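Written out below as structure tokens is the structure these notes cover.
Predicted, not measured: the structure shown is a model, and the values here were computed from it. Below, all heavy atoms of this structure are taken into account, side chains as well, without hydrogens, waters or symmetry copies. The chains referred to below are lettered A, B, ... by the order of the sequence lines, with proteins before strands, and numbering in each begins at 1.
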Protein chains: 2
Amino acid sequence: MKKNGVSLSVIRRLPRYYRFLGDLLQNGVGRISSKELSQKMNLTASQIRQDLNCFGGFGQQGYGYNIEQLHREIGRIIGVDTMHDTILIGAGNLGSAIAAHMNFEKRGFRLVGIFDSDPQKSGEIIAGLPVRSTGELETFCRENHPTIAILCIPKTAAPKVAPQLVDLGITGFWNFSHYDLRVDHSDVVVENVHLGDSLLTLCYQVTHNRPEEDEGEK
Amino acid sequence: MKKNGVSLSVIRRLPRYYRFLGDLLQNGVGRISSKELSQKMNLTASQIRQDLNCFGGFGQQGYGYNIEQLHREIGRIIGVDTMHDTILIGAGNLGSAIAAHMNFEKRGFRLVGIFDSDPQKSGEIIAGLPVRSTGELETFCRENHPTIAILCIPKTAAPKVAPQLVDLGITGFWNFSHYDLRVDHSDVVVENVHLGDSLLTLCYQVTHNRPEEDEGEK
DNA sequence: TAGATTGTTAATCGATTAACAATC
DNA sequence: TAGATTGTTAATCGATTAACAATC
């Protein structure tokens, strides 16, 4: 199983493979060829074979891929079988939705603490966990050693909170704040989610979808 | 202002430019060079000039870019100044958060209706709008002609609901359901948001971040 | 064996970067 | 004018696609 020079574009496609294979598995499909899968996923068969081969030869000539095995292997590559203790910072509308809505345990994360700067929220139960005040953060981290933080906080708070969390042992961020988080510690990873950017992309597409308003000039 | 062969990667970067320029504008910065901007955005200066030139020459040699003007131009290219009447399907946890949390009007969208299949929810007020039953959807659309739908519904519902909505005049989807929505009408656009995939990408990164576990073999 | 489909190399395509003449 | 920085072309790099020999 090699793991050298896997490009970012391949990595970004892994979760999608994992999801499609999971669906097929649930539908009781046992095997699939790169061609069939390419049609379902709107990719080329070449690309699928190329992608999968970054990690090893999971297929069998003349047969295709065993879905159950491939799904399991990709899950292992992604690392869903190792749990990462996770805290949520910001229990507002979005934070609560994320806490309740994501299937963390199926994706390698275990939500262990929820924090909010608003003392009014303390004690509220979300996704089975009590909301704690931000003041408790330090003690909590020293005791429980969470490694991942989900940021559902305002744009301005993100650059202040993130370094504190790094000092408390956080090595991965899932960042929903409207701020481009970058951490220079080489052993800290960040996944920024910019819903606003996504909405603007939709806006662009809608705007430019109307049948060729202005064609022609150079 | 040309608009030919703008690649998807450039389009995906536009919202980010817009956001950074908006921030600079708020901080009272008047002009910026591609070099300065490239440092802030973690891109190359070349790329920025290349990108912006897809749409026209907004800069000035020896000076740089006027931030206020550039921000306005990119906003126009994205189309944030034209409002699209929008409905939200699914007023669960995530739907409510999206309704309350996004700044729709600043991004070219106006939320005009919220629908949920659960009759219990009818009448509830979210983001200033009453939740309606799915039964009212058809009448509502015929009367109000919304063009955009936000899907915060379960995976299984998406492929059923989407075609109905297209028939009712929806030409753009912001899809949060855990389903890869594809619509074959050429005049319908879809922006899929897969939070689960994003979380798995974080998982992959965290898993493969530990200092080079297994290096070596070919 | 014949048919199917992978793994993998080579060819193509597109996107990013570098360079520099144009010009403010 | 001299200095700065763009717009734009050319060079490089990387990712996707095509092709085919290997093999189940």
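Of the candidates C:dT16, C:dG7, D:dG7, the closest approach to any side-chain atom of B:Tyr65 belongs to D:dG7.
With sequence neighbours excluded, the residues forming a ring-ring contact (aromatic ring centres under 6.0 Å, His included) with B:Phe109 are B:His84, listed by chain and number. Shown here are the salt bridge (charged side-chain N to carboxylate O under 4.0 Å, His left out) partners of B:Asp81, two or more places apart in sequence or in another chain: there are none. Remark: B:His101 pairs with no residue by the ring-ring contact (aromatic ring centres under 6.0 Å, His included) rule, at least two apart or across chains. Partners of B:Phe176 under the ring-ring contact (aromatic ring centres under 6.0 Å, His included) rule, at least two apart in sequence or in another chain, are B:Trp174. Applying the ring-ring contact (aromatic ring centres under 6.0 Å, His included) rule to B:Phe115 yields the partners B:Phe140; only residues at least two apart in sequence or on another chain are considered. Applying the side chain to side chain donor-acceptor pair (under 3.5 Å) criterion to B:Ser117, with sequence neighbours excluded, gives no partner residue. For B:Asp180, the salt bridge (charged side-chain N to carboxylate O under 4.0 Å, His left out) test picks out A:Arg16, A:Arg19, with sequence neighbours left out.
In this structure, CZ of A:Phe55 is placed 18 Å from P of C:dT6, rounded to the nearest angstrom. One atom, CG of A:Asp51, and another, P of D:dA15, lie 11 Å apart when rounded to the nearest Å. Atom C1' of nucleotide C:dT5 and atom CG of A:Asn53 are separated by 13 Å, given to the nearest angstrom. The interatomic distance linking A:Phe58 (CZ) with C:dG7 (C1') rounds to 13 Å, in whole Å. Rounded to an integer number of Å, the gap from A:Arg12 CZ to D:dA15 C1' is 16 Å. When rounded to the nearest whole Å, the span between CG of B:Leu52 and C1' of D:dT6 equals 11 Å. The CG-C1' distance, from A:Leu70 to C:dT6, rounds to 13 Å in whole Å. Between the CD1 atom of A:Ile48 and the P atom of C:dG7 there is a distance of 12 Å, rounded to whole Å.
For the pair A:Gln47 and D:dT16, the criterion of a side-chain N or O lying under 4.0 Å from OP1 or OP2 is met.
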Subject >> side chain to side chain contact (heavy atoms under 4.5 Å, CB included) between B:Phe104 and A:Leu199, intermediate numbers included >> reply: CA-CA 9 Å; B:Phe104 286 110; A:Leu199 189 54; 3.7 Å; yes

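Under 3.5 Å, the side chains of B:Glu191 and A:Thr201 contain no donor-acceptor pair of N or O atoms.
Under the 4.5 Å side-chain criterion, counting only non-hydrogen atoms from C-beta, A:Leu14 is in contact with A:Ile74.
Classification of B:Asp23 and A:Lys155 as a salt-bridged pair holds, one side-chain N sitting under 4.0 Å from a carboxylate O.
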Between protein and nucleotides 12-14 of chain C, what N or O pairs are separated by less than 3.5 Å?
none

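In DNA chain C, consecutive stretches of 3 or more Watson-Crick or G-U wobble pairs with both distances under 3.5 Å are given as paired ranges: C:3-24 with D:3-24.
Within the structure, every pair that satisfies the side chain to side chain donor-acceptor pair (under 3.5 Å) test and touches residues 40-49 of chain A, not counting sequence neighbours, is listed here: A:Ser34-A:Arg49.
Residues from residues 17-42 of chain B that place a heavy atom under 4.0 Å from any atom of DNA chain C: there are none.
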**OP:** Starting at the 5' end of nucleotides 19-24 of chain C, put B wherever the base has a protein heavy atom under 4.0 Å, S where only the sugar-phosphate does, and a dash everywhere else.
**Re:** BB-BBB

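Closest approach of A:Leu88 and A:Gly95 over heavy atoms only: CD2-O, 3.5 Å.
Taking the centre and axis of the six-membered ring of B:Tyr65, the NZ or CZ atom of B:Arg31 falls outside the cone set by 45° and 6.0 Å.
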